[in-house]
Structures are given as C-alpha cells and as structure tokens.
There are 2 protein chains.
Amino acid sequence: MKISAHEEYGLRCLVQLARAEADGEFLRLNQIADREGLSPANAGKLMWILVKAGLVQSQRGANGGYTLARPASEIRLNEVIRILDEDTVDRFCKSHTGVLDACIHTSDCGIRPVIVGLHEIVQNALAEITLAELIGSEENVDARLHQIQKLQSPLRVMRSAN
Amino acid sequence: MKISAHEEYGLRCLVQLARAEADGEFLRLNQIADREGLSPANAGKLMWILVKAGLVQSQRGANGGYTLARPASEIRLNEVIRILDEDTVDRFCKSHTGVLDACIHTSDCGIRPVIVGLHEIVQNALAEITLAELIGSEENVDARLHQIQKLQSPLRVMRSAN
DNA sequence: AGCATTCCTTACTTTTTCGTCAAGTATCCA
DNA sequence: TGGATACTTGACGAAAAAGTAAGGAATGCT
C-alpha cells in the first residue's frame with residue numbers, strides 16, 4: 001500500500017502550478033521540472049496526463065506553459081490521485097464501475113471488502129484536502145492531516161488501554 | 001495508491017490459515033496454493049516472508065505445514081501489511097526510522113506530510129481489523145469496514161451541503 | 001512568411017516487481 | 001537407517017512501471 005511515482009510527482013507538479021496561480025502566470029515545462037528535480041521529459045509526460053484529464057490547461061508556442069484549469073482551492077486530492085492512478089489501473093480492470101468492485105477476482109473470502117473499503121477510506125481522507133492547502137508550511141499541512149485523522153482515533157485510544 | 005500482489009496474496013494465505021486455526025491443524029503449501037489459485041512456488045515464497053517475520057510457524061518433513069504463530073484474533077492487518085511491504089520498501093529507504101520519515105526526498109513543499117499522514121491513516125484503519133474478523137461472511141466484513149469509516153464521515157457530510 | 005519557442009505524441013530503454021524453477025535441507029515414519 | 005514428504009533458498013525469465021529521446025504540431029514574434 002504505497003503511492004506510485006506517478007502520483008507523487010504529479011501531485012508535486014500541481015503544487016508548483018498552485019503556487020504560481022496567484023500571479024496568473026503560465027509555468028513552462030522546464031520551470032516545473034527544475035523546481036521538482038525531475039527531467040523535462042518525465043515532467044512532460046506527467047503534465048500531459050493532467051492536461052488530458054482537464055485538471056490543467058496548456059498553451060503552446062512562445063510564452064506558453066501550463067496553468068491550473070480551476071482555482072487550487074477547488075481541486076481536491078482524491079481527484080488528483082484518481083486521475084494519476086487511472087493510467088496504471090486501466091489495464092488491470094478495463095471496466096471499473098464505481099470504485100473498483102469488479103477488479104478483485106471473485107472469491108468467497110472476506111478480503112474483497114477490505115481492499116475496497118481501504119480505498120474508500122483513503123479517498124475520503126484525500127477528499128478533505130485541497131491543492132491550496134498544500135502550498136502552506138509543512139506544519140500547517142501536518143496539522144490538517146492530523147485533524148482529519150483525529151476523527152478516526154477514538155477507537156484506537158480505547159483499545160490501546162489493554 | 002494501491003496494494004501490491006505481495007500484500008493481497010499474502011493476506012489471503014493468512015486468512016486460509018486463520019480458517020484452519022480452529023482445527024489446530026497444519027496446512028500444507030499445496031493446500032494453501034490450491035485454495036487461493038496460485039502456484040505452490042509463489043505461495044511458498046509468500047509464506048516464507050511470513051515465517052521469517054514470525055507471523056506463522058512452519059513444520060518441515062512429513063505431516064508438516066504452516067500454522068499461525070498467534071491466534072487470529074490477535075493479528076491485526078496493519079502488522080500484516082507492514083511485513084508484506086517491507087520486502088519492497090527496504091530497497092527504497094534503507095533505514096526506515098519510525099514510519100517512513102526519511103524516505104521522502106527532502107523538499108520544502110508541503111507534500112511530505114501528506115504522504116506520511118496518508119500512510120498513518122491507512123495503518124490506523126488496518127489496525128482496527130483482525131485476521132479473525134476476515135473469516136466471516138463478506139457482509140460482516142463490509143459492515144465492519146464501514147463502521148470504521150463512519151468515524152471519519154462528519155466532515156464530509158458538512159461539506160457536501162454546498 | 002519565416003523562425004524561434006513550447007507543448008504534444010510515439011517509440012524505446014532501463015529498472016523494478018512478479019512469478020517460476022530447481023536444487024538444498026530438515027523432519028517423520030517404517 | 002533409508003526413503004518419502006514438505007519447507008527453504010537462490011537464481012532466472014517475463015511482465016509491468018518508470019524514465020528517456022526524438023520528431024511533430026501549434027503559437028507568437030519579427
């Protein structure tokens with residue numbers, strides 16, 4: 001259970017665009033790549049995925065570049081992760097109805113709901129965070145995360161008393 | 001953000017052992033492999049990881065096989081997933097102190113806490129489920145999952161009113 | 001119109017992960 | 001003690017993911 005390179009780097013590129021959002025300026029591919037320390041070719045592929053999904057807009061030619069298609073405050077991380085996943089997931093489950101009910105090989109054991117439920121939990125947590133919240137300091141983001149997480153902790157506290 | 005083949009299959013093999021727990025019987029490699037539809041060679045490798053981690057015990061020779069090292073009710077899924085992850089994670093972050101604070105390349109953006117926090121949320125959710133709870137019907141497991149998830153929902157309900 | 005800039009697209013290479021095989025070793029039973 | 005059973009372990013090949021490279025297409029400037 002870990003996030004892929006696509007997800008992490010794609011998200012980072014989006015954060016760069018969110019930072020540039022205030023200026024209303026376009027960010028060139030080289031700028032994005034430099035700031036995240038990855039090759040222009042690689043960043044280009046990531047950006048194309050995000051463009052295709054309608055999350056960012058691109059402008060070709062001189063003075064071109066990338067910019068967010070919507071305000072950063074209206075872009076939630078669950079959407080971002082879902083888009084960046086699709087590339088790799090599509091092959092596995094061609095028709096992913098809803099979440100991914102059909103992906104898991106049919107079996108009579110109780111594992112399928114675990115996998116599906118786990119994804120739901122992750123998606124719900126990600127839905128609580130917007131791109132705009134990621135451009136602040138690390139402390140703020142961390143606090144936000146633990147605020148979300150705290151809604152989940154009562155059970156743990158009760159149990160950890162044994 | 002998805003679970004790897006190691007994680008899914010390893011977990012399934014453990015569920016098989018949990019089912020056999022009541023009989024106090026050992027399960028041979030072939031039995032496990034047959035019931036989960038994977039090759040004996042593959043299942044063997046998974047089982048060895050679990051043996052090495054101390055989660056299951058193995059008995060060699062005639063009448064040998066595998067059995068859980070602890071009661072299924074005392075094995076939580078977060079531990080299982082962590083063990084099955086380690087194999088692939090070790091390469092990435094040699095010294096994973098605590099969760100995985102050092103894995104993420106040092107950067108000044110706010111993404112690191114997102115990744116770390118996300119893992120914490122997943123781990124906490126998994127910590128609420130034991131192996132014993134997975135041998136019931138799918139409906140029960142599903143209900144258990146949504147019970148855990150519900151602790152997280154108030155925020156979502158508030159927001160979805162816009 | 002022509003040229004420079006920048007994104008777009010496809011194909012290829014490398015790396016990592018997944019699964020298989022076969023030889024090795026321990027245990028039990030007759 | 002000998003043989004059968006069954007786990008152990010390292011090496012190998014295939015498949016998928018990640019990253020790279022190069023030619024094509026659109027845009028703006030002079």
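This one's a predicted model, so the numbers in the text were calculated from it and none came from an experiment. Protein chains get the first letters and strands the later ones, always in sequence-line order, with residue 1 at the start of each.
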Report the C-alpha distance between A:Leu46 and A:His6 in whole Å, list the side-chain angles of each, state the deciding distance to 0.1 Å, and finish with yes or no for side chain to side chain contact (heavy atoms under 4.5 Å, CB included). CA-CA 7 Å; A:Leu46 270 321; A:His6 263 149; 3.3 Å; yes
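For A:Ser39, a side-chain nitrogen or oxygen approaches OP1 or OP2 of D:dT20 to under 4.0 Å. At D:dT8, one or more side-chain N or O atoms of B:Ser58 fall inside 4.0 Å of OP1 or OP2 (strictly under the cut-off). Within the 4.0 Å cut-off from OP1 or OP2 of D:dA16, not a single side-chain nitrogen or oxygen of B:Lys2 is found. When the side-chain nitrogen and oxygen atoms of A:His6 are compared with OP1 and OP2 of D:dA18, one or more of them lie within a distance under 4.0 Å.
Protein atom CG of B:Leu46 is 10 Å distant from nucleotide atom C1' of C:dG19, rounded to whole Å. Look at OH on B:Tyr66: it is 17 Å from P on D:dT5, rounded to the nearest Å. Following rounding to the nearest Å, A:Gln57 (CD) and C:dC8 (P) show an atom-to-atom distance of 11 Å. In this structure, CG of A:Leu27 is placed 9 Å from P of C:dC7, rounded to the nearest angstrom. Between the P atom of C:dT17 and the CD atom of B:Glu86 lies a distance of 14 Å, rounded to the nearest Å.
Two residues are said to be in side-chain contact when any heavy atoms from C-beta on lie closer than 4.5 Å; A:Leu68 and A:Gln57 fail this criterion.
Picking from D:dG19, D:dT8, C:dG19 the nucleotide with the shortest atom distance to the side chain of A:Lys45 gives D:dG19.
Backbone-only engagement by A:Gly65 is indicated by non-hydrogen atom pairs under 4.0 Å involving sugar-phosphate atoms exclusively.
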Could you run through nucleotides 21-30 of chain D and give me one letter per nucleotide, 5' to 3': B if any protein heavy atom sits under 4.0 Å from the base, S if only the sugar-phosphate is that close, - if neither? B--BBBBSS-
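Looking at which nucleotide of DNA chain D each of B:Met47 and A:Asn42 is closest to, the 5′-most match is held by B:Met47.
Within residues 28-35 of chain A, the residues approached by DNA chain C to less than 4.0 Å at the level of any non-hydrogen atom are A:Arg28, A:Leu29, in residue-number order.
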